[in-house]
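These notes are about the structure you will find just below.
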Amino acid sequence: MNLVNLESVSHAYGPKPLLGDVSLGIEASDRVGVVGRNGDGKTTLISVIAGTVKPHGGRVTHTRGLRIGFLSQGDDLDPAMTVRQVVLGDRAEHEWAGDQATREILANLLGDIELEARAGELSGGERRRTALARLLIEEHDLVILDEPTNHLDIEAIAWLAGHLSARRSALLAVTHDRWFLDAVSTRTWEVVDGTVQRYEGGYAAYVLAKAERARVAQATEDRRQNLMRKEIAWLRRGPPARTSKPKFRIDAAQALIANEPPARNTVELVKFASARLGKTVYDLADVTLHAGGPGEGPLVLDRCSWQFGPGDRVGLIGVNGSGKSTVLRLLAGSVRPDSGRLVQGKTVRLAHLSQELAELDPGRRVLETVEEIRKFIQVGKREWTASQLLERLGFRGDAQWKVVGDLSGGERRRLQLLRLLMDDPNVLLLDEPTNDLDIETLNELEDLLDAWPGTLILVSHDRYFLERVTDRSVALLGDGSLSLLPGGVDEYLQRRSAGAALTARAGSASAGSPAEPREAAPAQGPSAKELRESQKELSRLERQLDKISGREATLHAAMADAASDYGRLASLDAELKDLQAQKESVELEWMDLAEKLGE
């Protein structure tokens with residue numbers, strides 16, 4: 001029996017129909033992710049389901065006594081109430097403090113917020129987390145979340161995904177966070193052109209199913225199909241967990257990507273970037289940096305040495321407040337280190353997308369605002385006009401002639417990003433570029449960045465985007481250093497978890513519990529130069545393995561052709577065995593080096 005039923009539901013705002021004759025249901029076991037372009041009706045759909053918006057046509061029915069928890073993009077917090085009152089109500093402290101689930105929610109969402117703080121004194125992000133904590137503490141049959149990952153860092157997003165997966169309630173979530181979609185959902189709804197298209201599985205399954213439908217329908221829109229193939233190719237080459245949920249036949253979708261190259265030609269991009277940048281981009285030597293200026297605020301870097309080279313594509317990871325944006329401002333030259341030296345390459349042409357929206361002339365048209373920077377730009381091997389790039393980032397048709405003063409915050413951010421790209425930089429510093437971007441626009445941005453030759457340093461809580469556009473990850477773990485993460489975000493979460501467990505044991509010992517043996521301090525790791533040389537050697541070995549694999553395929557094909565020529569077949573077989581021995585040797589060398597980098 002369904003918890004909620006929609007029968008022939010229609011709804012419109014002005015002349016634009018957002019929902020047209022939509023019929024669907026939500027069962028008690030459903031875990032649904034909702035995707036679609038901004039403005040196509042995702043929030044309207046979940047508001048109709050929650051009962052906060054009455055549809056213009058059709059009928060919505062709930063089972064008797066249905067308990068719905070709804071996190072909207074706004075909140076109704078009473079500014080005079082304390083965080084404790086908002087989240088815990090009148091529950092006595094011994095009651096909620098003895099509840100492990102409640103303590104876990106408070107620790108992961110409100111760990112840095114005083115429970116006695118007034119709601120009116122909180123920032124937008126703190127209000128958002130407070131509203132989310134209140135909802136999760138309550139019991140619901142159906143939890144509906146509109147962009148729940150906003151204002152959460154990667155660690156908190158991973159915790160939230162695990163928490164929601166463990167809940168017994170049904171789940172309906174609107175989000176642009178594709179990793180989160182795969183982690184929590186078993187079905188995907190796409191709101192498009194007034195309809196709701198339904199797919200089995202999370203985001204990976206949704207992408208594969210769309211490709212299968214497009215193949216069956218012999219879709220003719222070449223650019224969109226190419227984007228889809230590239231997206232699928234990256235998904236299939238990624239961790240197996242991304243594609244563990246599809247429940248339909250994917251053989252035809254696999255055929256789409258059989259000969260699809262990697263999303264980026266890394267070797268070629270590094271060669272182009274080196275030609276534009278030379279050998280030096282940024283060298284940090286014994287840099288000490290505080291977030292609030294010399295000696296002020298939290299310590300971000302402590303006598304840190306690091307190098308960012310031509311063609312590096314680096315994701316900078318850390319909890320909120322760890323200093324990621326401060327590091328980007330240091331590289332951008334807007335803040336100076338307390339001590340130490342920062343050397344910037346002479347040929348660096350920098351573009352820095354900060355979290356603050358740049359001032360734009362509110363009276364100018366969108367297209368004029370971009371064309372005043374440049375009318376054409378070369379991205380990879382293709383030249384794009386300002387109008388074409390605007391269309392790729394969501395400004396279609398008449399939207400290019402909108403007045404800047406009428407744009408939403410998300411549209412202004414897209415415009416700011418495009419203006420930076422049009423200035424033809426060779427170094428990009430991007431601080432949360434995915435804010436307010438829908439999945440289709442994110443795909444377009446990823447495709448643009450795939451062909452962009454230069455050094456990219458990215459700060460983002462969007463794990464999917466981070467893993468998609470960067471080649472390696474570096475973390476700020478609170479020890480004043482930049483820590484290389486060969487294992488990416490998974491390694492970061494493991495190291496954060498291990499650090500929290502160690503801190504808890506130390507606190508328990510100081511409180512009078514039997515002290516556990518102190519873990520030895522980690523040995524001094526390799527220098528930045530040694531790390532860079534090791535990364536180059538890893539890349540060389542990977543290229544060698546690619547060549548060996550290509551030769552293997554050629555030999556297999558030749559053996560198939562020589563099936564009746566025993567002399568030729570024996571010669572090819574001997575060459576293949578030699579090649580496989582060489583491959584095994586190179587793989588062992590690669591694994592040894594990768595293991596040393598991960599220590």
Side-chain angles (χ1 to χ4, degrees), residues 264-285 287 289 300-301 304-318 323-337 340-356 358 370 373-374 377-380 384 389 393 413-414 416-434 445-460 465-466 468-474 476 482 484 528-529 531-532 535-536 539:
R264 289 186 298 279
N265 187 331
T266 303
V267 175
E268 185 175 283
L269 289 176
V270 170
K271 182 175 70 175
F272 287 159
S274 298
R276 300 176 76 196
L277 281 162
K279 293 183 178 180
T280 301
V281 180
Y282 291 111
D283 284 354
L284 282 69
V287 167
L289 176 69
V300 179
L301 300 176
C304 176
S305 296
W306 196 268
Q307 290 180 325
F308 295 100
D312 280 355
R313 304 174 77 94
V314 180
L316 186 57
I317 304 174
K324 302 183 297 295
S325 296
T326 303
V327 171
L328 292 192
R329 288 196 290 269
L330 171 71
L331 299 179
S334 57
V335 300
R336 298 180 62 83
R341 191 162 54 97
L342 171 65
V343 178
Q344 177 179 300
K346 294 181 180 179
T347 58
V348 166
R349 184 177 175 86
L350 173 69
H352 178 204
L353 180 73
S354 68
Q355 293 195 49
E356 292 76 35
V370 177
I373 304 297
R374 190 177 270 110
I377 185 175
Q378 190 80 20
V379 180
W384 294 86
L389 285 180
L393 290 189
R413 187 149 184 84
R414 277 185 276 150
Q416 181 184 1
L417 175 60
L418 188 52
R419 279 166 54 91
L420 290 178
L421 292 174
M422 288 299 289
D423 204 26
D424 197 23
N426 53 25
V427 175
L428 274 177
L429 307 179
L430 302 181
D431 197 349
E432 296 295 350
T434 66
L445 177 57
E446 289 160 356
D447 193 55
L448 278 175
L449 292 176
D450 282 342
W452 179 78
T455 295
L456 168 67
I457 303 173
L458 167 70
V459 170
S460 178
F465 184 82
L466 186 82
R468 173 69 171 78
V469 304
T470 64
D471 296 325
R472 60 190 177 116
S473 299
V474 174
L476 289 168
L482 289 169
L484 183 66
K529 182 177 180 181
L531 287 172
R532 187 164 185 78
Q535 285 290 335
K536 287 182 180 178
S539 297

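Because the structure is a prediction, the values reported are computed rather than measured. Here, residue 1 is the first one in the sequence, and each next residue gets the next number.
When side chains are defined from C-beta on, R329 does not count as touching K324, because their heavy atoms never get closer than 4.5 Å. A 4.5 Å side-chain heavy-atom check between L331 and L342 finds at least one atom pair inside the cut-off. Between V281 and Q307 the shortest side-chain heavy-atom distance does not fall below 4.5 Å. With contacts defined as side-chain heavy-atom distances shorter than 4.5 Å, the pair V314/V474 qualifies.
Atoms OG1 and CG, on T326 and L301 in that order, are 9.0 Å from each other to the nearest 0.5 Å. Remark: L466 CG to S473 OG distance equals 5.0 Å, nearest 0.5 Å. We find the CG-CG distance between L316 and L458 to be 8.5 Å, quoted to the nearest 0.5 Å. Here L421 contributes atom CG and I373 contributes atom CD1; the two are 11.5 Å apart, rounded to the nearest 0.5 Å. Expressed to the nearest 0.5 Å, how far CG of L430 lies from CZ of F465 amounts to 7.0 Å. If you take CG on L389 and CG on L448, they are separated by 6.0 Å, rounding to the nearest 0.5 Å.
Taking every heavy atom of both residues into account, L420 and P425 meet most closely at O-CD, 3.3 Å. In terms of heavy-atom proximity, R313 sits nearest to T470 at O-CB, 3.4 Å. The shortest non-hydrogen separation linking L476 to V300 is CD2-O, 4.0 Å. Summarising the geometry of A332 relative to L350, their closest heavy-atom pair is CA-CD2, 3.5 Å, with the distance given to 0.1 Å.
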### Task
Begin with the C-alpha distance, continue with both residues' side-chain angles, and end with the deciding distance and a verdict on side chain to side chain contact (heavy atoms under 4.5 Å, CB included) for V327 and W306.
CA-CA 12 Å; V327 171; W306 196 268; over 6 Å; no

### Query
Would R374 and R419 count as a side chain to side chain contact (heavy atoms under 4.5 Å, CB included) if you check the C-alpha gap in whole Å, the side-chain angles of each, and the deciding distance to 0.1 Å?
CA-CA 9 Å; R374 190 177 270 110; R419 279 166 54 91; over 6 Å; no

### Message
Between Y282 and V343, is the side chain to side chain contact (heavy atoms under 4.5 Å, CB included) condition met? List the steps.
### Response
CA-CA 6 Å; Y282 291 111; V343 178; over 6 Å; no

### Task
Take L284 and L330 through the side chain to side chain contact (heavy atoms under 4.5 Å, CB included) test and state the conclusion after the steps.
CA-CA 10 Å; L284 282 69; L330 171 71; 4.3 Å; yes

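Here the side chain of T455 pairs a donor or acceptor atom with the backbone of G311 at under 3.5 angstrom. Of the possible donor and acceptor atoms, none in the side chain of D424 sits under 3.5 Å from a partner among the backbone N and O of I377.
The existence of a salt bridge linking R341 and D283 is excluded, since no basic side-chain nitrogen approaches an acidic carboxylate oxygen closer than 4.0 Å.
Among residues two or more places apart in sequence or in another chain, the side-chain hydrogen bond (donor to acceptor under 3.5 Å, both in side chains) test is passed with R472 by D312. Applying the side chain to side chain contact (heavy atoms under 4.5 Å, CB included) criterion to R336, with sequence neighbours excluded, gives no partner residue. Remark: L328 engages H352, L429, D431, I457, V459 in a side chain to side chain contact (heavy atoms under 4.5 Å, CB included) (not counting sequence neighbours).
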